[in-house]
Amino acid sequence: MDKTFEHKTAQEKAREIWEKGGFFKAHANSGKEPFTILLPPPNASGKMHTGNVLMIALEDLLIRWKRMQGYEALWVPGTDHAGFETQTTFERELKKEGKSRFDFDRNTLYSQIVDFVQQNKHQIENQIKEMGASVDWSRYTFTLDEHAVNVVLDTFEKMVKDGLIYRSDYVVNYSFKWGTTFSDAEIVYKEQKSPLYYIRYGPLTVATVRPESKLGDTALAVNPNDDRYKEYVGKDIEFEDVLGPNKLKVIADPYVDIEFGTGVLKVTPAHDKNDYEIGLRHGLEIRNVVGINGRMTENAGKYAGMKVLEARKKVIEDLNGMGLIEKVDEDYENLVPVDYRSGDYIEQLVMPNWFVKVEPLRKPALDAVLEKKVNIYPKWREITYLRWMENMRDWPISRQIVWGIRIPAWYSVEENPDITVTFLNGKGAITSGKVGELLGSYTLKEIEDGLQSLVAPKKAVYVIGKEKPGDGFLPETDTFDTWFSSGQWPLVTLKYPDSEDFKYFYPTSVLETGWEIVTRWVSRMIMFGIYLTGQPPFKDVYLHGHIRAIDGRKMSKSLGNVINPDDYIEKYGVDALRMGLINGTANGKDFNFPHDKILGYRNFANKIWNMARFMLIMTESYEEETGEKVPFFGDLDQELLQAEDLEIMEKLNGLIGEVDKNLEKYRFADAGDAIYHFMWDELASGYIEKVKGREDKVVALCVLRHTYVTSLKLLHPFMPFATEHIWSHLPGLSNEPLAISKWPGDQVKPKK
RNA sequence: GGGCUUGUAGCUCAGUUGGUCAGAGCGCUGUGUUCACAUCGCAGAGGUCCCUGGUUCGAUCCCAGGCAAGCCCACCA
């Protein structure tokens, strides 16, 4: 053995041992008690970040521990198509070539992204391997694999039959630049100075930063407790407006802030989320004045066709001309929604979207946690889940992007002539309009072949099916929200409904993931799991903390403080990085990237390496001198043990119990720390020093080997490479690798 | 505005039912190269456990209030 530990060699050798043996392939018929973890799928075209490293370290720790305990341990790897993110990345690539997604029809664009992902997919897969993740690659799943897509489509079809799916108007965050909607999670608010206009509505005055949206007003609202306006509530007011005489009802709603502006709010349900809510409460008309092309609609009368900002300017001009602007507050600062990546302005628009009726799904998923069928660790995170589930609203599941699973709906052209289609015609020019009218100039096949997107009216008639129902149909072009498919990840990976895997491994044991997706992902998986199988998809949920940068701030490209795990792997090794991160995350709280700890565990790897060297050197020289073998602990006459031998044995037994107990409670750092201190302080600094002076060397060497090898096993799930590599140097133990050796603590009983 | 979390040695943090609980790693100071390891050993310095009250025989740990920090959700038109 070399004098110093080489992490690169260890990683190479250990991986070789594991890959050759195929030890991580699980069997659905072994008779062993199953223990299952599903890897939260990283973005297929992405790169490993520190969060992924922590996730893999923790899950590998759990799965290796359970495997050694005698469970049928299954860890399913996979990757996610990451709809919007991937499409955005791809479009950035297109832009470099001077192209955009509008240069292609939907199918062509889709297959190009398929190629793009295929080219980039290996990176993350290799990185997962490099991490030493003991996953079962034979069950590798990509969210767009055929069987995965089929599960999702079947679920959707069932939900349609069960009346859980409907189409409705919805205020979406729409980017004209990207031509798609954004989820709330993708929006940030930017502070900016916007002039606040005080506009007269007859006897009342309203303050707004968006005068053009007044064209879509369908009421005025005041707070029910506002004494100034009591007399108007419930009455119509008539006044001169930019489009001629106008009439609006005054309603009372507690949403209205008495203090803001004049205390009177103009309600524009089509272009503001809150106004939309008010509209629902009071049954107001939704008057759409901005179209998905970013221009004013016919409802805007003489402003129709203008871009939003143009229209705003013109409306202000006209209002001024009519003397309807009371004053302008130029110093007003407000928050405007922008795309969190590009910073582009987001418009709120009402569009027909697909929805999941959440109520029937929500309650059982809430109860599952309340009734402890699903346990969330750490406990204090549970409230996030409970509160979300208590207040969950219907879930819009359609996204206006190409990259994803297409909603399997088909529209008969004959029955729905009002469908708006956008397509590339035979000459490659973008053409848009109502399909009923376009069919005069184009064949349906032309439209279908060049189809980019389609907007069906809310009341459109549709057929659900994986295959096109026949001639005369156009496909829905919206895709599912990524969470709709990843929410079925446990069903998809285990091949629901009738595979051996599903029967054996469902429900899974523990879901390990970051806390930030409790609401988006965990909640959906529980809902789908119960809906389809009657059982939640996992028993425990462990939520790890976020890793912040070394400076204590969130990692972000703009701050330039992003940590690339590869640098640490290169310098200190995978084991040190894993152990450092595990030890940083004590109880699921966020933590700063623990640079010093990683260094410390690199040293630790070297320490245990040298302990092995010492042991081997001593044993060898003893055996050469005396010509007799040092016996294994089981063969040793226990009468020969000295006080210090009994003491170290007792401490070792204590350690085993402590490790199991802490891991059982997901207290990873406590377990790791205990092993670290036992090996370094008790074994290396304590016992080994005594061995050097022992008369009965054979007894001491025997005890040393036993305690060392046992603690090596305990350490293996934490630092798999170093321990496996050292193990391979220890003669006479067993021919099997450490990874599948027997755990020192309790073994699980076989499944009946 | 609603919620969660944190405030312990120079730094990053442990401290699991209130009584050797004042700790670890790194850093720092001094020191050591005889047969595992300088990615090491030995010795050492250091803290009003955020502040103020309360409960208790006793509180870093429980309660109330305050101060400070981070994050999540909602987003005053």
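In what follows, chains carry the letters A, B, and so on, assigned in the order in which the sequence lines appear, proteins first and then strands, with residues in each chain numbered from 1.
Applying the 4.0 Å criterion to OP1 and OP2 of rG15(B), one finds that R667(A) has a side-chain N or O inside that range. A sub-4.0 Å separation between OP1 or OP2 of rC73(B) and a side-chain N or O of R520(A) is present. Of the side-chain N and O atoms in K273(A), none sit less than 4.0 angstrom from OP1 or OP2 of rA74(B). The side chain of K379(A) contributes no N or O atom lying less than 4.0 Å from OP1 or OP2 of rC4(B). Residue R548(A) places at least one side-chain N or O closer than 4.0 Å to OP1 or OP2 of rC13(B). Distances shown here put every side-chain N or O of Y255(A) at or beyond 4.0 Å from the OP1 or OP2 atom of rC75(B).
Residues that satisfy the ring pair (Phe, Tyr, Trp, His ring centres under 6.0 Å) test with F239(A), not counting sequence neighbours, are Y201(A). Residues meeting the ring pair (Phe, Tyr, Trp, His ring centres under 6.0 Å) test with H49(A), sequence neighbours left out: none. Legend: residues meeting salt bridge (charged side-chain N to carboxylate O under 4.0 Å, His left out) with D673(A), ordered by chain and number and at least two apart, are absent.
What separates CG of L704(A) from C1' of rA36(B) is a distance of 11 Å, to the nearest Å. The nearest whole Å value for the distance from the OH atom in Y276(A) to the P atom in rA77(B) is 21 Å. Here the C1' atom of nucleotide rU39(B) and the OH atom of Y568(A) are 16 Å apart, to the nearest Å. The distance between atom NZ of K597(A) and atom C1' of rU12(B), rounded to the nearest whole Å, is 7 Å. The CH2 atom of W680(A) sits 8 Å away from the C1' atom of rC40(B) (whole-angstrom rounding). rA24(B) atom P lies 19 Å from atom CD1 of I675(A), rounded to whole Å. Rounding to whole angstrom units, CD of residue E382(A) and P of rG3(B) are separated by 18 Å. Distance CZ (F614(A)) to P (rG41(B)): 14 Å, rounded to an integer number of Å.
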For each nucleotide in nucleotides 30-35 of chain B, reading 5' to 3', give B when a protein heavy atom comes within less than 4.0 Å of its base, S when such contact involves only the sugar-phosphate, and - otherwise.
-> ------

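Distances from the side chain of H677(A) to the nucleotides rC71(B), rA24(B), rC26(B) place rA24(B) closest. For R613(A), counting side-chain heavy atoms from C-beta on, the closest listed nucleotide (rU12(B), rA14(B), rA36(B)) is rA36(B).
Below 30°, between 30° and 60°, or above 60°: for F260(A) and Y332(A) the angle between ring planes is above 60°, a perpendicular geometry.
For RNA chain B, the residues of residues 603-612 of chain A within the heavy-atom distance limit of 4.0 Å (strictly under) are N603(A), N606(A), K607(A), N610(A), M611(A), sorted by number.
Checking rA64(B) for Watson-Crick or G-U wobble geometry (two distances, each under 3.5 Å) identifies rU52(B) as its partner. Pair check for rC21(B) finds none; no Watson-Crick or G-U wobble contact set falls under 3.5 Å. Pairing partner, rG41(B): rU31(B), with both Watson-Crick or wobble hydrogen-bond distances short of 3.5 Å.
Between E390(A) and R362(A) there is no salt bridge, since no side-chain nitrogen of the basic residue lies less than 4.0 Å from a carboxylate oxygen of the acidic one. A salt bridge is absent between K661(A) and E658(A); no separation between the charged side-chain nitrogens and carboxylate oxygens falls under 4.0 Å. The existence of a salt bridge linking K651(A) and E647(A) is confirmed by a sub-4.0 Å separation between a basic side-chain nitrogen and an acidic carboxylate oxygen. Residues R210(A) and D272(A) are not paired through a salt bridge, judged by the lack of any N-O separation under 4.0 Å between the basic side chain and the carboxylate.
Applying the ring pair (Phe, Tyr, Trp, His ring centres under 6.0 Å) test to pairs two or more places apart or on separate chains, those with a residue in residues 603-626 of chain A are F5(A)-W609(A), F604(A)-Y676(A), W609(A)-H725(A), W609(A)-H729(A).
A side-chain hydrogen bond (donor to acceptor under 3.5 Å, both in side chains) with K214(A) holds for exactly one of N246(A), T268(A), T208(A), D241(A); it is D241(A).
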